[in-house]
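Within every chain, numbering begins at 1; the chains are lettered A, B, ... in the order of the sequence lines, protein sequences first and strands thereafter.
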Amino acid sequence: MTDTQPLLDVRGLTKRFFGSLALDNAAFSLARGEIHALVGENGAGKSTFIKILAGVYDADEGEILLEGARVDPRSQSLPLAFVHQDLALVDDLSVCENIALVAGYPRKAGLIDWRAVMRQTSAIYETMRIPPVDPNRLVATLSTPEKAILNIVRTLAHTPKVLVLDEPTAALPEQDAHRLFDAMRRMRDQGASIIYVSHRLHELFGLADRITVFRDGRRVHTAAMNEITGSEIVEQMLGRAVDLAHRAHAPVRDEEPVLKVEGLVVDRRGPLDFTLRPGEVLGLVGLRGGGQEAVGRTLFGAKRAEAGTITLAGRTLDHQDSIGGRIKAGIVLLAGDRTSESTFPAMSLIENLFPNPLIRGRSAFELVSPAAERRAAKERLDRFDVRPRNEGAMIDWLSGGNQQKVCLARWLEADGKVAILEEPTAGVDIGAKIAIHRMLREAAAAGRAILVISSDLEEVATLCDRALVIDRGRAAGELVGERLTIDGLIALSTLGAPTAAAPEHQAPKGADAPHLGG
Amino acid sequence: ETRAKPFDAWPKSEIMKTMSLDEAKAIVAARTGPQTEWKGPTTGPEATTAATTVVYVSADQSYVSFVNWGRGVSEAAEALGWKAVTLNGKGTVTGNLSAMQQAVAMKPAAIVTSADASALQGPIKQAVDAGIPVIGIHATAFPGPDPETNLFMNIGSDPVEIGAAQAAYVIAKSNGTARLLHFLDSGFAIARLKAEAATEPVKNCKGCTFLEMINIPIADQTRRIPSVISGVIANYGDDWWGTTCCDNFYPYIASALRASGVEPSKVHLVGADGPPSAYDMIRKGEYEVATVPEPSTLFGYQAIDAVVRAMAGEEPAKFVQPTYLVTRENVDKEGGDKNEFIPSNGFACHYMNVWRKTAKAC
Amino acid sequence: MTQTTTGRSFKALTGFVSIYGLLIVFALVLIVFSALRPNTFLSSGNIGNLLTSQSITALLAFAVMLPLTTGRFDMSVGYHIGLAHVLMIGLQVNAAVPWPLAALIVLAAGLVIGLINGLLVTRFKIDAFIATMGMGSLLYGVSNWYTDGQQIPGFSLPDSFTGLTGFVHGVPVTALYVAVVGIILWVILERMPVGRGLYVIGSNARAAELSGISVPNYVLGAFIGSGLLCALAGILLASILRAATPSVGAEYLLPAFAGVLLGATSIKPGRVNVLGTLLAVLVLAFSFSGVQQLGAAFYVEYFFNGGILIIAVSLSVYAANRRRKEAVAASS
Amino acid sequence: MTQTTTGRSFKALTGFVSIYGLLIVFALVLIVFSALRPNTFLSSGNIGNLLTSQSITALLAFAVMLPLTTGRFDMSVGYHIGLAHVLMIGLQVNAAVPWPLAALIVLAAGLVIGLINGLLVTRFKIDAFIATMGMGSLLYGVSNWYTDGQQIPGFSLPDSFTGLTGFVHGVPVTALYVAVVGIILWVILERMPVGRGLYVIGSNARAAELSGISVPNYVLGAFIGSGLLCALAGILLASILRAATPSVGAEYLLPAFAGVLLGATSIKPGRVNVLGTLLAVLVLAFSFSGVQQLGAAFYVEYFFNGGILIIAVSLSVYAANRRRKEAVAASS
Ligand SMILES: Nc1ncnc2c1ncn2[C@@H]1O[C@H](COP(=O)(O)OP(=O)(O)OP(=O)(O)O)[C@@H](O)[C@H]1O
Ligand SMILES: Nc1ncnc2c1ncn2[C@@H]1O[C@H](COP(=O)(O)OP(=O)(O)OP(=O)(O)O)[C@@H](O)[C@H]1O
Ligand SMILES: [Mg+2]
Ligand SMILES: [Mg+2]
């Protein structure tokens, strides 16, 4: 064994899904004690590669060498730990049990020691320096970012030789992402090697040591992180150059607001006031538990407001409205948790695009022509560049990013006045992200008002005309125009919190306190 | 002084292997005539006037025969001022088991059951050990006490006689040329016995042909019968006679025959049990031409008589009501106007004379 | 060259099998048994008899299918048809209600029963399996209470009522009702937004809700439809049997489920659907009838039923897997 | 102040009801009926008989519960117990096999049947509901073939065999077996990682797979366990009935499911569990026995069965919802 021998070496990895190549003779090599970024456009084969390492899929060809020895993840248990792209959480089990599922069950006399299972919860949250949630809470009652954190921390329980993270930050608030990066650096310093997949390229600089780019199931480039630029990475990924500095704010139109929110209280948090004009893209950002998600859900009728008024195009909305009623009134919402709230598994792309034709103004018992539907679906798949471009394919066959495009197409193409988009580009590659941002701007230009609820501050900074930072259901501040930058957002969202004692490692008490209860 | 243990079994009747045309005609003539003569007991112990409860464990309260027997038991019990409680075995072996266990737990004066006794050995033994006599109505194949299953008495028509009556009718009315099918649920011993008695004479009759024994588990009769009838018509055409253990098959067989386009006068069915549907079909001339009914109310009186005798420590009365044939000609006689076989022999009055030591003219 | 040709035709074959597997089985059954029993298997008598009796199973299978599109079991259909047929005969015989009125009453009762099932599931949030199981027991209680466990023979049913399930120009009318109901259901499920909604609920109820679909209303509607179908089946069963027995009904439950689930392996593999259900009911009925005509022992039916279920489903699962592979291969 | 106190005690109450609802119902049933029938309801004879006969239902409920932890239905348990008890008597009566050997054969057959069920579901990827339904039909065929549809009376079974389900110091031995099996299952499901794995598969199979749980092996194991439990129940049933009838068995299917699903509303609300299952079986049996002893019309028990199922489940769903709401409210 020499020092130059990689810890993990993968060669000639090929995986066909029903004949199509997801991985085509792919190679990857991971050195000891490095953080190695893995990037590539949607459907490039990153998750497939990781699932083969995890033994979830069988490789068709190729070999995996760990410390020089050939291994088979399917039959061996290897010192590798994974955070998969799809949240692998069990909703109706408690937090501590979800942790034990991955971290292991402490046992006494061969039997599970439930007290110890609960005790290990706080220890595990400590690895990311995040205050633990109540170990007995059902995962179903956690918010999306809380789930994302849980999904990550439980893997960090033991320091494995290799830690593999597949887009962990797609739904993670900026502050928590930084806590994760700190934890990763600590683990690297303790000798672990980390594979890190992300579409948020700006994260990689300063974090990763090396980067590998996949395209069409092949490795096309590996480089040291400090020897490559963002636009080079993008060019390797997409095979073409893209202007990363896209930022197109439209002149704010001087129209009457289409949406007026006054004194809104949800989940006993608030009050919140804001307005939204046609043609405007407004970002709502906040800390984890800031309540920005609840605001969107309330506007959409998926949650009940406890106080306040919502006025849409001059008409005050009834708090008892159903979701269907709000859609009819002109509000649509793209849910952030793709797998559990957006996609319809085992159904075709057509059906995923048009799950409820009523929202396109059809009546329940009206005849729908399948040919027209197919045409409409094809056209949308084209516009959103969904691959594979087969309207009859099942949604389950698509990569994460492509599924996201389908869900986005469902809502962006629906008629309406206000579109609320939670994490609109979660898991979408940089090329597609730019295209989607362009489409959102076009939709705005055509008169739509768009509310973006995103944990991706870069997205908010580049896409939105205006951003509100939400803290405990209240607007802690507003950033417009030139002041709307990533740094500005971070500053406001941490300073905006009243007790920002240790902004780096300690979440503001106010925001987190509720999570300790239960 | 209750005696719960059964006495010795009665000698069993022999199956008629052969039956000449004349014999058959004679049997038909005898069985279709009125049943006015009382052949049952005229003496016996007096019944108690104390509050007495009898439990009737019905094999299946959704099935007309079991319901009617229970009604007979209630009627006879009420005539004495007793109380009868019905427990439902729900048509399953295990349902019968738990109903019988319940019956034992209720500590009644006696238990009357229409459920198959051989799968109830445990609780019947418990009852007998506790001094509770168990009386069957068609709970085993033959009438009389049944030491093997601990029944103090089993009440019923003689299955051999029922089969013989069916065979006689088929041979007589077809002038010795019938082609015969027999439908049964061979899960029941009594049904197998009736089948043998009904088919042996036909098998041995020169001009007749015995076609097939067709087993239809009662639990899926509704679904199975249509395709069974398709098979029958495919294999034998639509010119045949049918006999059966149980009339409850016939409404389904009739609907399958209708759906297959068979004329109502073509196929001739001879039934047993005599539920209202059989009277209806015979009256309308829809496939069914005759049935051998069971005297439900009389069975109830017989059962209560057995209880009275058991309570006095005496042997059950050695009495079996002769079988009767319902045909289109006599369909309204002997209770037929009520769609039930009620012998016109004044049995209720006779029993009351015995139980209350009276001497009313009946 | 030849290799790709065989490859392509194999592909075409598996695609065809995965969609039309049941149709193929049906054709095979027809061919084999009409060769073995040429004079009788495809005789109009046999077909009329089978179609008439299977119409009931088919209607009940539809009744099971509707809530099952949303992923909800309806275990009450067996006892429901029992009650419906008891009421249909009972009202005419005991209460001298003219049959069209009796039919309306039975349908209204069916609607109410479906509504209650639906409310138990949507408002009281009881698991559908258990709610409808409890409801089934209640319905059985009602049947037995109404009849006191006795048979009600249809002494004087009018010809117009018994004729409901007769023949017109040799065609069994009952089969026509099933065809009409089938077409209506097909249009609703495959061509109308409301059908899309039902399937979508079955796939991901939370996402359906967030698509603006009122999940409770759709589920309620599915159960009401199921109740109406049971009532219709009960009316026809009464006309076929011309006598009512409270114990009738339960034996239809498993065959109805078998039809729906076996049907879900064909036409639209992986999802319960109208045509698949109809085909499955026919396949099961005709194959069993054929075996019966060959004079098999009574228990052969059970082997046959179990065997055909397992084999047909494995076959089409296999074909569907192959087809899925090819679909992705073709599109990329 | 008083308001919050009542608020808090109301909360505690709903929490208690949602967990111990069935226990409360059970206590009520015992109190009410022993007041109404003081001499018979709680007599040792009645309790002994109920516990003995309900042991079978309880074992079958466990057999249903095991695959149901992973979300798979086993519809073959009814026919399986039928075959097991037929074999158990048949081997002794027809083939003069000593009973311990016969029991081993029946258990081995149970293992094989469970294995086949499991393979159909995991390897052939057939929907569990339909695979086990088909399997059930096959098993019923075997029972009927073996007995030719007739009863096998066991008039000369050895006392050591019939004594298997007897009493020791007035305690029904069968109930002891159930207790032992229950404890084993409880330990496996609640105190061992393998049990947690089963539950995880049941609530999110994908997550289970990504957590490194071998879903097929776990499911296979659950079906094998189910097969063994059916075989055990069949052996005991043979000892209770002392005669074998091929039609026995199917009637257990719905009560077994009712027990498991009703049980899933208590102790660990929302998830099938051992203690809840046992409680549910007892509640149904004792309330039913009480109603029978009151001498109600026979159909009242159907109302009662259906009613208690629906009411008990609605109650505990209501309580669980309140509890969950409070949990969420408290945590936000
Ligand atoms: N289960 C599956 N069935 C069929 N095809 C699949 C399956 N999983 C992945 N694929 C296909 O394999 C290819 C690679 O997918 P993969 O999920 O590895 O992409 P990815 O690089 O992770 O993309 P993303 O950035 O969108 O997550 C895609 O074309 C996808 O459609
Ligand atoms: N949910 C749907 N189901 C079926 N067909 C649809 C659906 N949505 C759109 N279509 C059909 O697809 C075609 C294009 O749809 P699209 O909504 O893009 O049309 P459009 O250009 O907005 O036209 P319109 O003026 O009718 O709104 C039309 O024929 C439409 O009927
Ligand atoms: Mg991916
Ligand atoms: Mg349009």
Check your understanding: D:Phe257 vs C:Phe129 aromatic rings, parallel, tilted or perpendicular, using cut-offs 30° and 60°?
Key ->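 Tilted, since the angle between the ring planes falls between 30° and 60°.
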**Study point:** Check: D:Leu138 and C:Tyr302 side chains under 4.5 Å, non-hydrogen atoms
**Key:**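 No, side chains not in contact.
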Practice item. Measure the shortest side-chain to side-chain distance between C:Phe298 and D:Asp148 over non-hydrogen atoms and say whether it is less than 4.5 angstrom. Key: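 Of all side-chain heavy-atom pairs linking D:Asp148 with C:Phe298, at least one is under 4.5 Å.
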Could you tell me which portion of [X] (side chain, backbone, both or neither) has an atom closer than 4.5 angstrom to a non-hydrogen atom of chain C?
X: D:Ala297; result: neither
X: D:Leu262; result: both
X: D:Val142; result: both

Check your understanding: D:Leu309 and C:Met135: side chain to side chain contact (heavy atoms under 4.5 Å, CB included), yes or no, with the steps?
Key -> CA-CA 9 Å; D:Leu309 214 61; C:Met135 192 67 191; over 6 Å; no
Practice item. Look at D:Gly136, D:Ser137, D:Gly149 and state which one has the largest set of heavy-atom pairs under 4.5 Å with chain C. Key: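 Highest number of heavy-atom pairs under 4.5 Å: D:Ser137.
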Practice item. Tell me, out of D:Leu139, D:Ile126, D:Thr265, D:Ile311, who's got the most heavy-atom pairs with chain C below 4.5 Å. Key: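 That would be D:Ile126.
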**Study point:** Which of C:Val300, C:Asn305, C:Leu261 touches chain D most, by non-hydrogen pairs under 4.5 Å
**Key:**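 When all of C:Val300, C:Asn305, C:Leu261 are compared, C:Leu261 has the most.
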Point to revise | Among C:Ala250, C:Ser143, C:Gly306, C:Ala264, residue most engaged with chain D (heavy-atom pairs, under 4.5 Å) | key: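 Highest number of heavy-atom pairs under 4.5 Å: C:Gly306.
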Exercise for review: Determine, step by step, whether C:Tyr299 and D:Tyr146 satisfy the side chain to side chain contact (heavy atoms under 4.5 Å, CB included) criterion, reporting the C-alpha distance in whole Å, the side-chain angles of both residues, the deciding distance to 0.1 Å, and the verdict.
Suggested key: CA-CA 10 Å; C:Tyr299 48 76; D:Tyr146 184 78; over 6 Å; no
Exercise for review: Output, in order, the C-alpha distance, side-chain angles, deciding distance and verdict of ring-ring contact (aromatic ring centres under 6.0 Å, His included) for D:Phe303 and C:Tyr140.
Suggested key: CA-CA 8 Å; D:Phe303 290 125; C:Tyr140 195 52; over 10 Å; no
Exercise for review: Could you tell me which portion of C:Leu120 (side chain, backbone, both or neither) has an atom closer than 4.5 angstrom to a non-hydrogen atom of chain D?
Suggested key: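 The side chain, not the backbone.
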